[in-house]
Amino acid sequence: MPINLKTPVVESREQRLGTIVGWDGTASELARQSAYARGCGSGEGKGCGQKARRICELEGPFTQGSVCSEMMVENQAGHILDAVLIQHAPIGCGAGQVSYNLRFRNGLAARHKPVQNIHLICTNLTERDMVFGGVSKLEQSVRDAWERHHPKAIFIGTSCATGIIGDDVDGVASAFEAELGIPVIPLHCEGFKSKHWSTGFDAAQHGILRQIVRKNPTRKQDDLVNVINLWGSDVFSPMLANLGLRVNYVVDLASVDDLAQMSEAAATVGFCYTLSSYLAAGLEQEFGVPEIKAPMPYGIAGTDAWLREIGRVTHREDKAEAFIAAEHARIAPRLADLRRRLEGRKGYVATGSAYSHGLICVLRELGIEVNGSLVFHHDPVYDSQDPRQDTLTHLIDTYGDVPHFSVGNRQQYQFYALLQRVNPDFILIRHNGLAPLASRLGIPAIPLGDEHHAVGYQGILNIGESVLNILAHRKFHLDLAAHTKLPYKKKWLEQKDPFALAKRAE
């Protein structure tokens, strides 16, 4: 489905891609049902037959708690260096500012950039505003943003509250853009519009594509590659320098000028297709910047294919092949040692969708058994519609099936039974909320706060070293398990089906 930049409102992932947040089975069965669902012609499941019943999510999932699209806008637009994000919302929606400010500061430090705080303002809507409207507060907040920071762009993120009362956010944005002479960008990210927070990534990127990316650029930078990322350390610059390429990191930790020049780049890549799908496809569709269509750079096979495709698109095939050969030789001795030391170990991955596929590839490169994984949502297809980006099928074809492959929206109540199925020696996670429960079961967790830790050939070694380190401290987690009590009743702990509450009664 083509991206439509004529409207300020992005289509949700459910509408556009058929995204689901509840499923349980094998990885191969999910891949087969995804292929079937794509043929149904509707992300909402219309026309899907019995074979596609579960992928169409006709059994609506029960949600205990998660995050929302607005928080992902806070994550993305709130982390642009010389911009301001206004949350047009009650103050409770701004609670995430504390943690996102910490990530912003840590990310800047990791990239060796001057450390600063986020520029984020909340309009602090009250019950009175819900009755009489909050436009005056929004207008005052835009003026405050300009007077305090003189930014190069101002983003306005909506909320469930503003979606309900119907404030004219687009009108306010348009008026101030004319007055201030900078982009003032409405981001429609009401949490209730989508079951998964990844729609918030798309909302932020939609606004950037519409109002910041330079249209009809006067030059092309043939050695520049857009890297769509969050706040991870700079691992892409040294990798791509071997091909004679420079990196333009977006969206997090970028400047408005960095975002504007995305249309001048030779190609676009990302560390995770969940994050990069919309922006990369939009850059190709609207600005002619090719998206690299290959498996993500995780594991040897994925990294090889990724580098070769970058080399082909940027006409640097010889440099890509030389770098691949040199890296294979470099990591071979240490990889062999890690495989020997990790033989017989069993891991579990609980992260975002495409990222999880990549991490399983890395663990299996290390010879680690992976019989289970929890992904927080599943996109049957990405925006490019290109099968070369089918990361789940790449995992299965290259490394084999995953017997216990579940899709769940980061639900704590499901995690106990999921771990009991496979009883892993450790877990890989991106969101720390799952770690305490695993620890109370005697299972240590590796929180990948730096999402680039597993990228590329060095990433395989990084993960291997991290697994050895966490296993060396497993006694601490076993002691926790022996002296703590889980908060669930015995009846629930004996429940074998983690998705029992998610299924509708027949």
Side-chain angles (χ1 to χ4, degrees), residues 8-9 68-105 107-108 113-191 200 203-204 206-208 210-212 251-260:
V9 181
C68 72
S69 297
E70 185 188 3
M71 293 186 72
M72 296 307 101
V73 162
E74 192 176 348
N75 169 325
Q76 293 252 278
H79 284 178
I80 297 170
L81 295 173
D82 44 8
V84 174
L85 171 62
I86 296 173
Q87 285 180 282
H88 192 32
I91 194 61
C93 295
Q97 293 182 21
V98 176
S99 62
Y100 284 125
N101 190 50
L102 177 63
R103 292 168 187 170
F104 184 59
R105 293 175 63 88
L108 291 172
K113 293 186 175 185
V115 176
Q116 58 177 287
N117 291 323
I118 56 175
H119 298 154
L120 206 155
I121 296 171
C122 181
T123 56
N124 189 22
L125 296 178
T126 64
E127 292 179 1
R128 180 180 177 83
D129 301 314
M130 292 296 291
V131 176
F132 295 104
V135 167
S136 60
K137 280 190 171 181
L138 177 58
E139 292 172 340
Q140 183 60 52
S141 295
V142 174
R143 296 190 187 282
D144 290 343
W146 176 251
E147 292 171 2
R148 294 175 189 174
H149 304 291
H150 292 284
K152 291 187 176 181
I154 295 174
F155 295 90
I156 301 173
T158 61
S159 63
C160 295
T162 50
I164 291 169
I165 63 179
D167 276 351
D168 184 12
V169 175
D170 293 345
V172 172
S174 179
F176 274 101
E177 181 165 286
E179 177 182 332
L180 300 177
I182 62 170
V184 180
I185 306 163
L187 305 177
H188 293 273
C189 53
E190 298 91 336
H206 185 78
I208 290 167
R210 292 183 76 239
Q211 293 182 246
I212 290 185
V251 169
D252 289 40
L253 311 183
S255 67
V256 172
D257 288 340
D258 292 334
L259 300 176

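Owing to the predicted nature of the structure, the values given are computational and were not obtained by experimental measurement.
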Donor-acceptor list for residues 84-99 side chains, cut-off 3.5 Å, not counting sequence neighbours:
residue	atom	partner	partner atom	Å
Gln87	OE1	Gln97	NE2	2.8
Gln87	NE2	Glu70	OE2	3.3
Gln87	NE2	Glu74	OE1	3.4
Gln87	NE2	Cys93	O	3.0
His88	ND1	Thr123	OG1	3.0
His88	NE2	Asp167	OD2	2.8
Ser99	OG	Gly96	O	3.1

List the atom pairs, with distances to 0.1 Å, where a side-chain N or O of residues 168-176 and a protein N or O form a donor-acceptor pair under 3.5 Å, not counting sequence neighbours.
residue	atom	partner	partner atom	Å
Asp168	OD1	Gly171	N	2.9
Asp170	OD1	His188	NE2	2.8

When the side chains of residues 134-142 are checked against the rest of the protein, which donor-acceptor pairs come out under 3.5 Å, sequence neighbours left out?
residue	atom	partner	partner atom	Å
Lys137	NZ	Asn124	O	2.8
Lys137	NZ	Asp129	OD2	2.8
Gln140	NE2	Asp144	OD1	2.9
Ser141	OG	Lys137	O	2.9

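Listed by chain and residue number, Ser159 satisfy the side chain to side chain donor-acceptor pair (under 3.5 Å) test with Thr162 (two or more places apart in sequence, or in another chain).
A distance-only check finds a donor-acceptor pair linking the side chain of Thr158 to the backbone of Cys189 [under 3.5 Å]. Without hydrogens or angle criteria, Asp82 side chain to Val256 main chain gives a donor-acceptor distance under 3.5 Å. Of the possible polar contacts, none joining the Asn101 side chain to the Asn117 backbone as a donor-acceptor pair under 3.5 Å is found.
Nearest heavy-atom pair, Ala204 versus Gln76, reported as atom, atom and distance to 0.1 Å: CB-CB, 3.8 Å. Considering all non-hydrogen atoms of both residues, Leu259 and Ala254 come closest at CD2-CB, 4.2 Å. Closest approach of Gln211 to Pro186, counting heavy atoms only: OE1-CD, 3.5 Å.
Separation of atoms CG (Leu253) and CZ (Arg103) is listed at 12.5 Å; rounding is to 0.5 Å. Of the inter-residue distances, the one linking Asp257 atom CG with Ile80 atom CD1 reads 11.5 Å to the nearest 0.5 angstrom.
For residues 173-183, every residue pair satisfying the salt bridge (charged side-chain N to carboxylate O under 4.0 Å, His left out) rule, not counting sequence neighbours, is listed here: Arg143-Glu179. Within the structure, every pair that satisfies the ring pair (Phe, Tyr, Trp, His ring centres under 6.0 Å) test and touches residues 119-140, not counting sequence neighbours, is listed here: His119-His149.
Of the listed residues (Ile208, Val73, Val184), just one forms a side-chain contact (heavy atoms from CB on, under 4.5 Å) with Phe155, and that residue is Ile208. For the side-chain contact (heavy atoms from CB on, under 4.5 Å) test with Phe104, the passing option among Asn75, Leu81, Leu120 is Leu81; the others fail.
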